[in-house]
Amino acid sequence: MSDGAVRSSAPERPNGLKGVDLGLGFDHVVVPGDLVPGAVNDGTATVDITVVTAGGGRLTWAPGRNGGAAVRTPAYAADGVVPAAALVVRSDPGEADPLDPGAGDFVVGVDFRADPATAGRPGDDGDNLVQRGRYGEPSQLKIQLDHGVPSCRLAGSLGEVVAQGDGPVTPDHWYRLTCTRSGPSVVLRLVDLDGTAAPKEWTVAGDPGAISFEHVPLSIGAKVADRGRIADGSADQFHGTIDRVVLDVR
């Protein structure tokens, strides 16, 4: 376990996070604008949660949608060095990985408010919300905004399954995005938390098989390499505000 990280397996879990494996509610007193030093898991898994940065990027505290706090990621920079920052979640390599879905059902989700869309540029051409594993590796789970359109990619021993929304989200608007593997299908669900529209769901028939990571770090807000550092070449930095992150293996 890394030095300076926040380690927790708290028995009480606020904000509807009771019983989940990983649940980041950020429901504690902070000063908006201050640097985020790490986070505490409100779920049951014992993990380290630290912050990694590159190019002068940083994570800062921001007001949450309904009180409490949320995490503000670096704003888009049109030129110069790409500022990047992410929360990185690591499990204890000496124990069974509590965040490893294997062949079981699971859900991964996040509340977010995206900045106005940008065209992107080399080194910053994606908006990764939650990711574990990288493209081309045997296993991956990822929820993201692809040019503003929500999507989920799951890859495992039987191949990949991708579920994608039918259009871009509205900037500066709170949403809850979840991706659920349930048997031989994947369901992407988008809830408009600031509006009255009914939730949208996109279901794709397909089974990615066993999704196993062997303690590969999980990242929130940007893409990281296997050792938990910001990925070289392109960080796929999400620009906006993040709250209520969940990963729960059923």
(message) Are V52 and L59 linked, directly or through intermediate hydrophobic residues, by side-chain heavy-atom contacts shorter than 4.5 Å (ILVMFWY only)?
(response) no
(message) Check whether T73 reaches the backbone of G240 with its side chain - one donor and one acceptor, N or O, closer than 3.5 Å.
(response) yes
(request) Look up atom CG in L154 and atom CD in Q140, then write down how far apart they are to the nearest 0.5 Å. (result) 8.5 Å
(message) Taking side chain to side chain contact (heavy atoms under 4.5 Å, CB included) as the criterion, tell me which of T178, L141, L177 meets it with V108.
(response) L141
(request) Heavy atoms only: give me the nearest S185-T203 pair and the separation to one decimal. (result) CB-CG2, 4.3 Å
(request) Test V216 against R134 for side chain to side chain contact (heavy atoms under 4.5 Å, CB included), laying out the working first. (result) CA-CA 10 Å; V216 168; R134 300 176 67 182; over 6 Å; no
(message) Let me confirm one number: the OG1-CD distance from T46 to E95, rounded to the nearest 0.5 Å.
(response) 7.0 Å
(message) For the backbone of G209 and the side chain of R181, can you confirm whether one donor and one acceptor N or O come within less than 3.5 Å of each other?
(response) yes
(request) Using a strict cut-off of less than 4.0 Å between a Lys/Arg side-chain nitrogen and an Asp/Glu carboxylate oxygen, indicate whether D97 and R132 qualify as a salt bridge. (result) yes
(message) With a sphere of 6.0 Å drawn around CZ of R250, does it hold more than 12 non-hydrogen atoms of other residues, nucleotides or ligands?
(response) yes
(message) Just verifying a value: how many Å separate S182 OG and D207 CG, rounded to the nearest 0.5 Å?
(response) 10.5 Å
(request) List the atom of A85, the atom of T53, and the distance in Å for their closest heavy-atom pair. (result) CB-CG2, 3.9 Å
(request) Hey, could you give me the NE2/CZ distance between H28 and F26, rounded to the nearest 0.5 Å? (result) 8.0 Å
(message) Whether the side chain of D236 engages the backbone of D127 through a donor-acceptor N/O pair (distance < 3.5 Å, no angle test) should be reported.
(response) no
(request) State, yes or no, whether a side-chain contact exists between P208 and L158 at a heavy-atom distance under 4.5 Å. (result) no
(message) So does P98 get a backbone contact from the side chain of S91, meaning a donor-acceptor N/O pair under 3.5 Å?
(response) no
(message) For a 4.5 angstrom cut-off between non-hydrogen side-chain atoms, does P37 reach W61?
(response) yes
(message) Please report the interatomic distance CD1(I220) to CG(N128), rounded to the nearest 0.5 Å.
(response) 12.0 Å
(request) Please answer whether the main-chain N or O of V249 pairs with a side-chain N or O of D100 as donor and acceptor at a distance below 3.5 Å. (result) no
(message) Looking at F213, is its backbone amide N or carbonyl O close enough to the side chain of S139 to form a donor-acceptor pair, meaning the two atoms are under 3.5 Å apart?
(response) no
(request) Evaluate the criterion side chain to side chain contact (heavy atoms under 4.5 Å, CB included) for residue pair L99 and F106; output intermediate values, then yes/no. (result) CA-CA 10 Å; L99 306 181; F106 68 93; over 6 Å; no
(message) Using the salt bridge (charged side-chain N to carboxylate O under 4.0 Å, His left out) definition, which of the options D192, D111, D27, D194 pairs with R65?
(response) D194
(message) Return the CD to CZ distance between E160 and R153, rounded to the nearest 0.5 Å.
(response) 4.5 Å
(message) Tell me the closest heavy-atom pair linking G55 and V81, and the distance in Å.
(response) CA-CG1, 3.4 Å
(request) Check the angle between the aromatic planes of F238 and F112 and answer parallel, tilted or perpendicular using the 30° and 60° thresholds. (result) perpendicular
(request) Could you check D115 against R72 for salt bridge (charged side-chain N to carboxylate O under 4.0 Å, His left out), going step by step and ending with a plain yes or no? (result) CA-CA 10 Å; D115 291 346; R72 167 72 216 188; 2.6 Å; yes
(message) Has H147 got a side-chain atom pairing as donor or acceptor with G120's backbone, closer than 3.5 angstrom?
(response) no
(request) For H173 and G195, work out which heavy atoms get closest and say how close. (result) NE2-N, 4.1 Å
(request) Check for a donor-acceptor pair, side chain of R58 on one end and backbone N or O of P83 on the other, with a separation under 3.5 Å. (result) no
(message) L218 and side chain to side chain contact (heavy atoms under 4.5 Å, CB included): which single residue from V88, V224, V89, I49 fits?
(response) V89
(message) Whether the side chain of H239 engages the backbone of P74 through a donor-acceptor N/O pair (distance < 3.5 Å, no angle test) should be reported.
(response) yes
(request) For I211 and A155, work out which heavy atoms get closest and say how close. (result) CG1-O, 3.5 Å
(message) Walk me through whether V246 and V110 qualify under side chain to side chain contact (heavy atoms under 4.5 Å, CB included).
(response) CA-CA 6 Å; V246 172; V110 63; over 6 Å; no
(request) Please report the shortest heavy-atom distance between C152 and L188, naming the atom on each side. (result) CB-CD1, 3.9 Å
(request) For Y175 and T170, indicate whether the former's side chain and the latter's backbone hold a donor-acceptor pair under 3.5 Å. (result) yes
(request) Look at the side-chain heavy atoms of Ile, Leu, Val, Met, Phe, Trp and Tyr, link any pair under 4.5 Å apart, and say whether V169 and Y76 land in one connected group. (result) no
(request) Say whether I143 and V186 are linked into one hydrophobic cluster, either directly or through other cluster members, by side-chain heavy-atom distances under 4.5 angstrom. (result) yes
(message) Membership question, hydrophobic clusters at under 4.5 Å side-chain separation (ILVMFWY): are V107 and V20 in the same one?
(response) no
(request) Report whether V130 and V187 are members of the same hydrophobic cluster (ILVMFWY, side-chain heavy atoms less than 4.5 Å apart, transitive linking). (result) no
(message) Can you confirm whether more than 12 heavy atoms, excluding those of D232, are under 6.0 Å from its CG atom?
(response) no
(request) Quick one: do D105 and T180 satisfy side chain to side chain contact (heavy atoms under 4.5 Å, CB included)? Show the steps, please. (result) CA-CA 7 Å; D105 294 346; T180 303; 6.0 Å; no
